[in-house]
Amino acid sequence: MNGYDENDAFEAAAAPQGAPQVEAQAQAPVPLSQRAMAARPAPYLDDLNPAQRAAVEAMDGPVLMLAGAGTGKTKALTTRIVHLLNTGRARPNEVLAVTFTNKAAREMKLRVGHLMGGTDAGLAWMGTFHSISVKILRRHAELVGLKSNFTILDTDDQLRLLKQLITASHIDEKRWPARMLAGIINSWKNRAWTPGKVPAAEAAAYNNRGIELYQQYQDRLRSLNATDFGDLLLHTVTLFQAYPDILQQYQRWFKYILVDEYQDTNVAQYLWLRLLAQSHKNICCVGDDDQSIYGWRGAEVGNILRFEKDFPGAHVVRLEQNYRSTPHILAAASGVIAGNAGRLGKTLWTEQEDGEKVRLIGHWDGEEEARWIGDELETLQRGTRAMAPHSLDDMAILVRASHQMRAFEDQFLTIGLPYRVIGGPRFYERQEIRDAMAYFRLAVSPDDDLAFERVVNTPKRGLGDKAQQNIQRVARAGGLSLLDGARALLAEGGIGGKGAGQLRVFTEGMARWHLATLAPNYNHVELAEVILEESGYTAMWQNDKTPEAPGRLENLKELVKALDNFENLQGFLEHVSLIMENETEEQGAKVSIMTLHAAKGLEFPVVFLPGWEDGLFPSQRSMDESGTKGLEEERRLAYVGITRAEELCTISFAANRRVYGQWQSQLPSRFIDELPAAHVAILTPPGLYGGGFGAAAPAPRLEERVASADVYNSPGWRRMQERSAQRPTAQPRAAKTSIIDMAAVSSFTKGDRVFHQKFGYGRIDGIEGDKLDVAFEKAGSKKVVAGFVVLVDDAHDDVPF
DNA sequence: AAGATCAAGCTTTTT
DNA sequence: GCTTGATCTT
């Protein structure tokens with residue numbers, strides 16, 4: 001972790017406010033070197049293709065850069081910034097460049113710096129919507145009812161606060177879960193609706209209860225001098241709308257605006273940008289409508305679709321030459337995304353060699369899918385006739401939902417294949433980190449009630465519900481913070497027993513630590529260690545015998561180490577809330593497992609896309625909740641997935657999967673039908689041909705299957721066999737995996753009696769393509785793929801295998 | 001006040 | 001099937 005981005009924000013916030021700074025810097029002479037470069041030809045332009053070059057050279061006025069996957073979007077964007085600087089149109093701190101993640105901002109800074117000759121380019125206003133908003137808000141906090149040192153609550157804090165409000169209003173928590181309320185409030189904030197601006201119809205839909213709670217929540221946040229993530233944007237927009245003079249300062253200051261991932265902006269972000277760009281309209285938005293996958297958290301594809309209406313005369317540039325993937329992969333992706341209506345439309349092309357077709361394979365169940373992919377990874381690691389050896393770092397498994405990861409983790413642990421899960425619980429979201437941070441917060445600001453609640457009984461101090469309610473009561477009665485309330489309670493003897501002693505130790509410790517933070521130039525790293533030690537927090541984990549305790553202690557050490565990058569505790573706390581990244585660099589090559597969402601912006605030579613089954617992908621919930629819109633977003637997710645692959649893309653599905661513990665029969669994803677056949681190679685089932693490359697072979701007879709048993713000679717398979725000798729072998733399964741033999745459908749007729757490995761016997765009710773409606777005797781009516789059932793004789797109940 | 005047992009719910013995720 | 005939260009028990 002580093003505080004790089006946030007440190008910039010901090011400096012700017014501490015600088016003289018608003019206009020004076022703007023004036024002072026505007027008069028600074030432009031360095032000669034920059035002026036000189038303006039006249040000289042710019043060598044970096046020669047590195048661009050015509051489209052990229054057009055996007056870079058169209059500097060004034062609105063520009064929409066439609067950049068397909070792998071078309072060198074970041075290159076165009078960074079070069080554009082460099083060009084703006086080199087032609088003397090703007091100085092580095094007059095460029096506003098907005099991204100969605102800190103990672104993207106950091107990367108871009110690095111690349112611009114690189115192009116500029118390896119120095120820090122001084123792009124003070126390159127950052128996320130949120131971090132830039134914080135920077136602005138800290139300067140004008142009092143105008144939106146906050147103090148400049150406001151804290152930023154994360155989702156967890158937000159939820160706990162809402163829960164308190166719900167309980168306080170005597171509302172049934174079952175009918176109004178905090179998560180639901182949080183969802184509603186966030187969606188309102190995404191649309192830039194303050195409580196007063198929520199349309200009556202929308203508010204009424206929740207019996208006016210939601211709007212009441214929203215108002216209460218906002219009041220509570222102000223009294224805590226806190227914001228949530230949504231507020232950062234909402235308050236900034238409100239500020240700009242209410243104070244035109246302040247808006248004007250920023251409009252003048254930001255001579256050029258650049259926006260990355262424009263398709264992911266929500267209404268609040270859109271307004272934020274439009275307000276800032278309104279005067280000069282020097283705004284360049286980069287995005288790809290086909291990669292809009294965050295609709296569920298408020299992103300509006302509409303923003304990018306109507307850019308030309310918002311900014312008449314906009315220069316639209318399409319980046320369509322792809323430098324990432326082979327033609328087969330691109331064609332497969334294009335084929336799928338073509339199913340979406342209302343696209344801006346791009347045609348990706350490449351000069352690359354054809355390469356391998358996209359591979360498609362079906363499996364009996366999720367475990368077998370994981371096993372097969374594990375074997376494939378090992379094969380690819382060694383290399384094959386068709387493909388050179390690959391490092392595990394070059395391979396990734398992209399899943400729709402995180403619960404799919406488990407099957408892979410289990411399998412890889414079994415065969416000893418190194419893997420990394422990307423996007424797991426982030427460092428700052430871990431319990432021990434949040435606890436420690438709460439201690440620091442309370443030491444810095446003794447009236448941080450949320451922090452108090454979090455740590456007062458962690459570690460256990462014998463202060464249960466009753467004691468905590470007493471503290472609350474005393475605090476409220478006296479208008480005190482909870483910490484002072486606790487002191488008052490102790491003073492009046494309102495608490496007895498062992499709890500009293502421990503509470504006294506706690507409050508006295510807090511007083512000491514707070515005092516320490518007031519000393520100028522105190523050693524904050526040392527203080528942090530002292531706090532964790534004296535509070536008993538470290539001891540709590542040292543005494544914990546659960547397997548994760550050592551890791552947690554390790555994380556705490558990391559946290560203390562991270563403090564070194566900051567001036568003091570205060571500075572650390574003020575800025576850390578926006579950096580939620582986990583930057584532990586691991587050793588050794590590992591295959592990456594992540595969700596499709598987490599994969600956006602990444603690329604890998606080898607990509608596996610498992611679980612392409614209706615209901616899982618596309619996700620049932622997505623379709624239920626958002627209908628066609630939801631399905632289209634799922635389809636874009638499929639597009640994102642396929643286009644992550646550079647050389648080899650393998651899509652797979654399983655016929656059976658355990659969903660919430662229940663075995664369910666799965667149908668192949670409708671997206672599979674949308675894959676253009678000419679670019680897809682259908683693989684034979686696992687256990688038959690060892691997962692080599694090549695076209696589909698005719699389904700072998702049983703004898704051949706037995707003969708090809710040496711397939712199970714891969715190292716992973718052997719290791720697994722050794723470790724789980726008692727587990728049932730895959731023998732019966734392997735015989736039944738003759739899926740994808742879609743031609744075999746014709747051999748069934750309505751009324752046939754069939755057998756299914758998991759559901760038992762049943763009778764065919766109907767046939768739809770390669771899918772059968774079967775009424776199972778025990779499992780009820782199910783839709784199954786024809787390849788997974790076997791015709792049985794009416795007269796005999798022999799298991800047909 | 002803290003451990004134990006049971007019921008309910010369960011995408012995707014950054015800031 | 002597994003985790004989380006709420007209630008029950010000691």
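Computed from a predicted model, the values in this text were never measured in an experiment. Naming: A, B, ... by sequence-line order, numbering from 1 per chain.
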Which residues pass the salt bridge (Lys or Arg N to Asp or Glu O under 4.0 Å) test with [X], sequence neighbours left out?
X        : answer
A/Arg644 : none
A/Arg621 : A/Glu625
A/Glu107 : none
A/Asp288 : A/Lys346

Check the distance between [N]'s [atom2] and [X]'s [atom1] and give it to me in whole angstrom.
X        : N      : atom1 : atom2 : answer
A/His597 : B/dT12 : NE2   : P     : 9 Å
A/Met594 : B/dT14 : CE    : C1'   : 16 Å
A/Met623 : B/dT12 : CE    : P     : 16 Å
A/Asp156 : B/dT14 : CG    : C1'   : 15 Å
A/Leu616 : B/dT12 : CG    : C1'   : 11 Å
A/Arg179 : B/dT13 : CZ    : P     : 13 Å
A/Arg636 : B/dT12 : CZ    : C1'   : 13 Å
A/Arg635 : B/dT12 : CZ    : C1'   : 18 Å

Taking O4'-C1'-N9-C4 for purines and O4'-C1'-N1-C2 for pyrimidines, is B/dT12 syn (within 90° of 0) or anti?
->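 Chi for B/dT12 falls in the anti range.
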Under 4.0 Å between any heavy atoms, over every strand shown, what does A/Ser402 touch: base, sugar-phosphate, or nothing? Just pick one.
->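 Sugar-phosphate only.
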Please enumerate all residues that pass side chain to side chain contact (heavy atoms under 4.5 Å, CB included) together with [X], with sequence neighbours excluded.
X        : answer
A/Ala638 : A/Val336, A/Trp612, A/Phe617, A/Phe671
A/Glu633 : A/Trp296, A/Arg636
A/Leu110 : none

Taking atom C1' in both B/dT14 and C/dT3, compute the distance separating them and give it to the nearest angstrom.
->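 Each nucleotide's C1' atom is 24 Å from the other's.
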Give a yes/no answer on whether the side chain of A/Thr595 brings an N or O atom under 4.0 Å of OP1 or OP2 in B/dT13.
->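 The answer is yes; a side-chain N or O of A/Thr595 sits under 4.0 Å from OP1 or OP2.
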Nearest heavy atoms of A/Ala407 and A/Gly366, plus distance in Å | CB-O, 4.5 Å
Looking only at heavy atoms, what is the nearest atom pair of A/Arg222 and A/Leu146, with distance?
->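 Closest approach of A/Arg222 to A/Leu146: CA-CD2, 4.4 Å.
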Under a 4.0 Å heavy-atom criterion, the protein footprint on nucleotides 1-10 of chain C, written with B, S and -, is BS---S----
Using the six-membered ring for Trp and the full ring for Phe, Tyr or His, decide whether A/Phe100 stacks on the six-membered base ring of B/dT15 (centres under 5.5 Å, planes under 30°).
-> no
List, with names and distances, any nitrogen or oxygen atoms from the protein found under 3.5 Å away from nitrogen or oxygen atoms belonging to nucleotides 1-4 of chain B.
{"from": "B/dA1", "atom 1": "OP1", "to": "A/Gly464", "atom 2": "N", "distance (Å)": "2.7"}
{"from": "B/dA2", "atom 1": "OP1", "to": "A/Gly462", "atom 2": "N", "distance (Å)": "3.3"}
{"from": "B/dA2", "atom 1": "OP2", "to": "A/Asn457", "atom 2": "ND2", "distance (Å)": "3.4"}

More 5' along DNA chain B: A/Thr155 or A/Ala401, using each one's nearest nucleotide?
-> A/Ala401
